[in-house]
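Report on the structure given below.
Whatever order the structure lists ligands and atoms in, that order sets their numbers, starting from 1.
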Amino acid sequence: MARIEGIRIRNFRALRDVTLGRVFSLQKPEPLTPMTAVIGRNGSGKSTLFDAFGFLSDCLRTGVEEAFDARGRGGIERVKSQGQQGPIEFEIYYKEEGNARPITYELSIDQDESGRPYVQKERLRQRRKGQDRGWPFSFLILNEGKGVAWKGETEGRQIKEADPEFDLIELMETIKRDEHREESKQTEVVELDDKRKLGIATLGSLKQHPRISSFRRFIEGWRLSYFSPDAARSLPLAGPQKHLNVHGDNLGNVVQFMEREHSRKFRAILDRIANKIPGVQKIDTERTPDGRLLLRFNDKGFQDPFYAQQMSDRTLKVFVYLLLLEDPSPPPFLCVEEPENGLYHKLVETLAREFRDHASNQKPGSQVFVTTHQPYFVDALSPKEVWVLEKGGDGFSTIRRASDDSVVENLVREDLPLGSLWYSDYLETR
Ligand SMILES: Nc1ncnc2c1ncn2[C@@H]1O[C@H](COP(=O)(O)OP(=O)(O)OP(=O)(O)O)[C@@H](O)[C@H]1O
Ligand SMILES: [Mg+2]
């Protein structure tokens, strides 16, 4: 399963320039671990970082202009780092499979003359087999909606765009002129007619561009959860659905799907989950006369079961998270904001372990990214998995990996839990 090794974000609200893990332009740091938790004080930028992933996935789905207006973002003026002139930029460094060579996706978004956001630059590139230095090969390069795309399954075209002599328009002309040449045959000159849509969205839906399509599918598969227990309590009438949606309000549909497609497995899942939620003895389902499926929780001490509608907020929330981790075809990347909210402290540590086991699992599991305020959550993690966001003197966020501090590393080696070090102010600089 694909893994993000690193991400760099520039000019996105408080994130003027932050990098997590390894990216093409910063190769020294270690890649991100399967599980990543971001901690920090109020206002340090956790939600902003979480939303940066949401923004990218919205850009792919709806184009940049709608993405700036979605989820209360309030338009590009509000999203762009205050007082900064440059474009909003993202760089994602990721590997398709365990030993694959990493791919870099770069995206710059800016405002046009009328102030509307558009995609200024986009590029996908990868080094050739055996090539560990020098210029990687691009299989998509777009400037202002124009550029070239590589059609083949393998390799790409080496474009030394940092070369002062490099001129994309000239390259496009050459390709058009020399279309009979082998290299040009595999390269396509492209011009998008909508500069507010991502090239990977437009070209990635074409069969001729398998490499771009696979990156598009990767981002499409990201799941960000904004679960609310009330949403999970709703009783939908529609039929079975394969995956939980971002709000968890299709819980009932997913339960129907699991019951229908994986009946035996689903029973085992419910038993496993019941074991992990204190006070719950058994979870099963009941079919209503009108064909819906209700979740039934057998509470220790009570004879009659409770339905999801009567369950406590937090029990339902833990259930939804645990069910998400049992998804038979998990998303490549799962982002959860403050999963611990309102949970009993012992459950928080259990949940952290569950997330981490899921992420580190040999079976295809999701790469997990969470933001948290809870030392108990962090207790279950190692310094490499924890990133500390802080607001700098200039108001912009900085980020550090807990393992970069040798004092912290040593204390954890001496068996001090990481969360308690955070609680005792070892992790933050102020
Ligand atoms: N366009 C912008 N440029 C610079 N900074 C901004 C911009 N928009 C918002 N901010 C700042 O970003 C900060 C980070 O907010 P964010 O909501 O990400 O914090 P948080 O870590 O999630 O906090 P909490 O723990 O309270 O949820 C805010 O305090 C705000 O000052
Ligand atoms: Mg927040």
Original post:
At the 4.0 Å heavy-atom cut-off, does G40 count as touching ligand 1?
Top reply: no
Original post:
So which protein heavy atom does atom 6 (C) of ligand 1 come closest to, and at what separation?
Top reply: A14 N, 3.7 Å
**OP:** Identify whether the distance between the nearest side-chain nitrogen and carboxylate oxygen of R73 and D58 falls below 4.0 Å.
**Re:** yes
Subject >> Donor-acceptor contact below 3.5 Å, side chain R22 vs main chain P29 >> reply: yes
Original post:
Quick check: does S47 put an N/O/S atom under 2.8 Å from the Mg ion (ligand 2)?
Top reply: yes
**OP:** Mark up the atoms of ligand 1 that fall under 4.0 Å of a heavy atom belonging to R41, in ascending order.
**Re:** 21 (O)
Original post:
For atom 3 (N) of ligand 1, what is the nearest protein heavy atom, given as residue, atom name and distance?
Top reply: Q82 N, 3.0 Å
**OP:** Give me the ring orientation class for F218 and F215: parallel if the planes are under 30° apart, tilted from 30 to 60°, perpendicular past 60°.
**Re:** tilted
**OP:** Identify, for atom 29 (O) of ligand 1, the protein heavy atom at the shortest distance, and state residue, atom and that distance.
**Re:** K391 NZ, 3.4 Å
Original post:
Relative to the heavy atoms of K46, which atoms of ligand 1 are at a distance of less than 4.0 Å?
Top reply: 18 (O), 19 (O), 20 (P), 21 (O), 22 (O), 23 (O), 24 (P), 25 (O)
Subject >> Distance from atom 26 (O) of ligand 1 to nearest protein heavy atom, with residue and atom >> reply: N42 ND2, 3.2 Å
Original post:
Is a donor on one side and an acceptor on the other found under 3.5 Å between the side chain of K46 and the backbone of G40?
Top reply: yes
Subject >> S81 neighbourhood, listing ligand 1 atoms whose heavy-atom distance to it stays under 4.0 Å >> reply: 3 (N)
Original post:
How far is atom 2 (C) of ligand 1 from its nearest protein heavy atom, and which residue and atom name does that atom have?
Top reply: R13 CA, 3.5 Å
Subject >> G45 N/O to ligand 1 N/O under 3.5 Å >> reply: yes
Subject >> Side-chain donor or acceptor of E385 paired with backbone N/O of S382 under 3.5 Å >> reply: yes
**OP:** Just need the protein heavy atom nearest to atom 17 (O) of ligand 1, so name the residue and atom and give the distance.
**Re:** S47 CB, 3.7 Å
Original post:
Is it true that R101 and E96 make a salt bridge, defined as a side-chain N closer than 4.0 Å to a carboxylate O?
Top reply: no
Original post:
Can you find an N/O atom of T48 closer than 3.5 Å to an N/O atom of ligand 1?
Top reply: yes
**OP:** Could you tell me whether D112 and K195 have a side-chain N and a carboxylate O separated by less than 4.0 Å?
**Re:** no
**OP:** Determine whether the side chains of N275 and D271 contain a donor N or O and an acceptor N or O closer than 3.5 Å.
**Re:** no
Original post:
Okay, side chain of Q374, backbone of Y376: is any donor-acceptor separation there less than 3.5 Å?
Top reply: yes
Original post:
Relative to the heavy atoms of F396, which atoms of ligand 1 are at a distance of less than 4.0 Å?
Top reply: 4 (C)
**OP:** Would you mind checking which non-hydrogen protein atom is closest to atom 13 (C) of ligand 1, with the distance to 0.1 Å?
**Re:** G43 O, 3.5 Å
Subject >> Per-residue contact class, H373 against ligand 1 - non-hydrogen pairs under 4.0 Å >> reply: side chain
Subject >> Min heavy-atom dist Q84 to ligand 1 below 4.0 Å >> reply: no
Original post:
If you draw a 6.0 Å radius around OH in Y423, do more than 12 non-hydrogen atoms from other residues or ligands fall strictly inside?
Top reply: no
Subject >> Heavy-atom donor-acceptor pair, E390 side chain to T429 backbone, under 3.5 Å >> reply: yes
